[in-house]
Amino acid sequence: MIDSASWAQRLGGDTFLAQTCFHAHAVIRSNGNTSPSPLTWDDLNEIVAAHRLEPPRMRLSRAGEAVPATAYSILRTNRRGVSWYQPQPAEFHARLAEGASLVIDAIDQIHPPVREAAAGLERFFRTPVQVNAYASWTAEEGFGTHWDDHDVVVLQLEGSKRWKIYGPTRQAPAWRDVEAPEAPTGEAIADIVLAPGDMLYLPRGWWHAVSADQGSASLHLTFGLATQTGAEFLGWLCDDLRASTTVRADAPRFGTPGERTDYLASVRKEVLAALEDPTVLDRWERSLDTTHPGRPRLSLPHLTAVPPQPGITVQLTAPRARIDQDDDSVTFSGAGNEWTFALTVASALRLLADGKPITLGALAVESGLTVGQAAEVVTALVMGQAVAVVGGSR
């Protein structure tokens, strides 16, 4: 399992966040120390066979263009009239051999080991993470020279892949922007080959071209980090200011020049006062963490309560949940909900917040609670979609 601690160790922890994140690319070599792969070729074959993944969720790309699904699939229709594209192995293989790359978007949603790795990285960067899988067989660049509107962490799994990095041509380009970055000119600033276990961090806006030109099949995961810019902060601030009557009031679209001037002065006063609050960024970041739904999952067959059975395994599904403690109580916030417990529950909450699966029995022993008390705590969090039962149910 690639958890938050593993990501922090590999990337460089707080030093990486302070000095490299958002500022420069970084190559992290495995030096032969590889963890169990969260995705193998066997896994990939099973995923394609078992799921109806149609474009653009699953696609083949060549020279920056999507290969038509009809070039590697046939349209199937069942007796109820439901149609889908079913990949045909021979044609699928042929398109890949010709130079296409295989892409599966959001593979973390359908493959548990990748989901766990994504949750660990989300805890480290404290922002939502989506994972795409990429497989290539030739030296042809499946996407040409391009840039992404979000930071990425690349984990090479199988084979090797060459990355030519050109750097940014526009400072902090965004998905919603006033202009597009110009294509880079000149030679790449870095030309690297990732081997199994190697990692690459690339800030948003950095142009790059990728190819499997080392003579072997290549498989890698790209962990895309949701961007949190000043625009997102100001959007949150606008919502937070709805507590103000001035902000909620109708803008004087039909008012006199004097009324319009007074209105702008009032709004300016409200906004400046909010920005002068030294805790405003902390409050925004806390809101990002505690209101995000995380990675919710069902806890069947337990509809209304988790029974006090020591073998039941539970796991946090809101990777950025927050715990706050005072002299009298402890508060757990996540998935848009908040719970206040007695101080005796604090140890159990911290064990859950670690993100690793844990049985009710182990949770009780390690926190000093009874199994029944542990089940009561977990039930509250399960009903609030911050924790789920992931094993041990009969």
Side-chain angles (χ1 to χ4, degrees), residues 1-9 35-39 43 106-131 221 223 288-323 330-339 341 345-394:
M1 176 179 175
I2 309 178
D3 58 14
S4 181
S6 300
W7 284 116
Q9 182 179 16
S35 303
S37 176
L39 181 72
D43 295 332
I107 196 168
D108 50 304
Q109 295 179 354
I110 57 177
H111 191 57
V114 177
R115 182 170 62 243
E116 295 301 319
L121 194 64
E122 181 172 340
R123 286 188 185 88
F124 178 65
F125 279 104
R126 306 208 71 83
T127 195
V129 174
Q130 176 181 307
V131 190
L221 295 174
F223 295 77
L288 289 176
D289 287 347
T290 60
T291 62
H292 191 268
R295 300 174 180 274
R297 60 175 289 167
L298 302 180
S299 295
L300 301 178
H302 312 298
L303 302 183
T304 59
V306 178
Q309 299 172 4
I312 285 181
T313 302
V314 297
Q315 185 175 19
L316 186 75
T317 59
R320 290 175 287 137
R322 296 277 191 112
I323 297 176
V330 59
T331 300
F332 188 93
S333 305
N337 293 293
E338 185 173 283
W339 302 262
F341 299 96
V345 176
S347 295
L349 294 178
R350 291 192 174 88
L351 288 166
L352 291 168
D354 185 56
K356 297 177 182 178
I358 187 170
T359 65
L360 289 183
L363 184 64
V365 169
E366 295 183 38
S367 65
L369 301 177
T370 67
V371 173
Q373 290 171 329
E376 289 179 5
V377 172
V378 166
T379 291
L381 300 179
V382 166
M383 296 302 106
Q385 302 185 136
V387 168
V389 175
V390 297
S393 297
R394 289 185 250 171

* Asked: Which heavy-atom pair separates Gly384 from Ala335 by the least distance, and what is that distance?
  -> O-CB, 3.9 Å

* **Side-chain (Ser367) to main-chain (Val345) donor-acceptor, under 3.5 angstrom** => no

* pair Leu221-Leu39: side-chain heavy atoms closer than 4.5 Å -> yes

* Asked: Do you know which two heavy atoms are closest between Pro296 and Pro293, and how far apart they sit?
  -> CD-O, 3.6 Å

* To do: Sort out for me which residue in Thr331, Ile323, Leu316 forms a side-chain contact (heavy atoms from CB on, under 4.5 Å) with Leu349.
  => Ile323

* Spacing of CZ belonging to Arg115 relative to OG1 belonging to Thr317, to within rounding of 0.5 Å -> 10.5 Å

* Search all heavy atoms of Ala348 against all heavy atoms of Leu369 and return the closest pair with its distance. => CB-CD1, 3.8 Å

* With side chains defined as the heavy atoms from C-beta onward, is the minimum distance between Val306 and Ser299 less than 4.5 Å? -> no

* To do: Evaluate the ring planes of Phe332 and Trp339, with Trp represented by its six-membered ring, and classify them as parallel (under 30°), tilted (30 to 60°) or perpendicular (over 60°).
  => tilted

* So which heavy atom on Leu360 is nearest to which on Ala375, and how close? -> CD1-CB, 4.1 Å

* **Minimum heavy-atom distance Ala305-Pro307, with the two atoms named** => O-CD, 3.6 Å

* To do: Could you grab the distance from atom CD of Glu376 to atom CZ of Phe341, nearest 0.5 Å is fine?
  => 10.0 Å

* The single option from Glu116, Arg295, Arg297 passing side-chain hydrogen bond (donor to acceptor under 3.5 Å, both in side chains) against Gln315 -> Glu116

* Does the Asp108 side chain pair with the main chain of Ala118, one donor and one acceptor, at a distance under 3.5 Å? -> no

* Asked: Quick one: are Ser393 and His302 in side-chain contact, heavy atoms under 4.5 Å?
  -> yes

* To do: Evaluate the side-chain proximity of Glu338 to Thr290: yes if any heavy-atom separation is below 4.5 Å, no if none is.
  => no

* Provide the closest heavy-atom pair for Arg123 versus Ala353 in the form atom of the first, atom of the second, distance. => NE-O, 3.8 Å

* **Approximate separation, where rounding is to 0.5 Å, of Leu288 CG and Arg322 CZ** => 9.0 Å

* To do: Would you indicate whether Gln385, at its atom CD, is surrounded by more than 12 heavy atoms from other residues, nucleotides or ligands within a distance under 6.0 Å?
  => no

* Structure fact -> Interatomic distance, OG@Ser6 vs CG@Leu121, rounded to 0.5 Å, equals 11.0 Å

* Criterion side-chain contact (heavy atoms from CB on, under 4.5 Å) against Val378, the qualifying member of Val314, Ile312, Ile358 -> Val314

* Rounded to the nearest 0.5 Å, what's the gap from CD on Glu366 to CG on Leu351? Could you check? => 5.5 Å

* To do: Would you check if the side chain of His111 reaches a backbone N or O of Pro113 as a donor-acceptor pair within less than 3.5 Å?
  => no

* Roughly how far apart are Met383 CE and Leu303 CG, rounded to 0.5 Å? -> 8.0 Å

* Between Gln130 and Pro128, is any pair of side-chain heavy atoms under 4.5 Å apart? -> no

* Does Thr313 reach the main-chain N or O of Thr359 with its side chain, forming a donor-acceptor pair under 3.5 Å? -> no

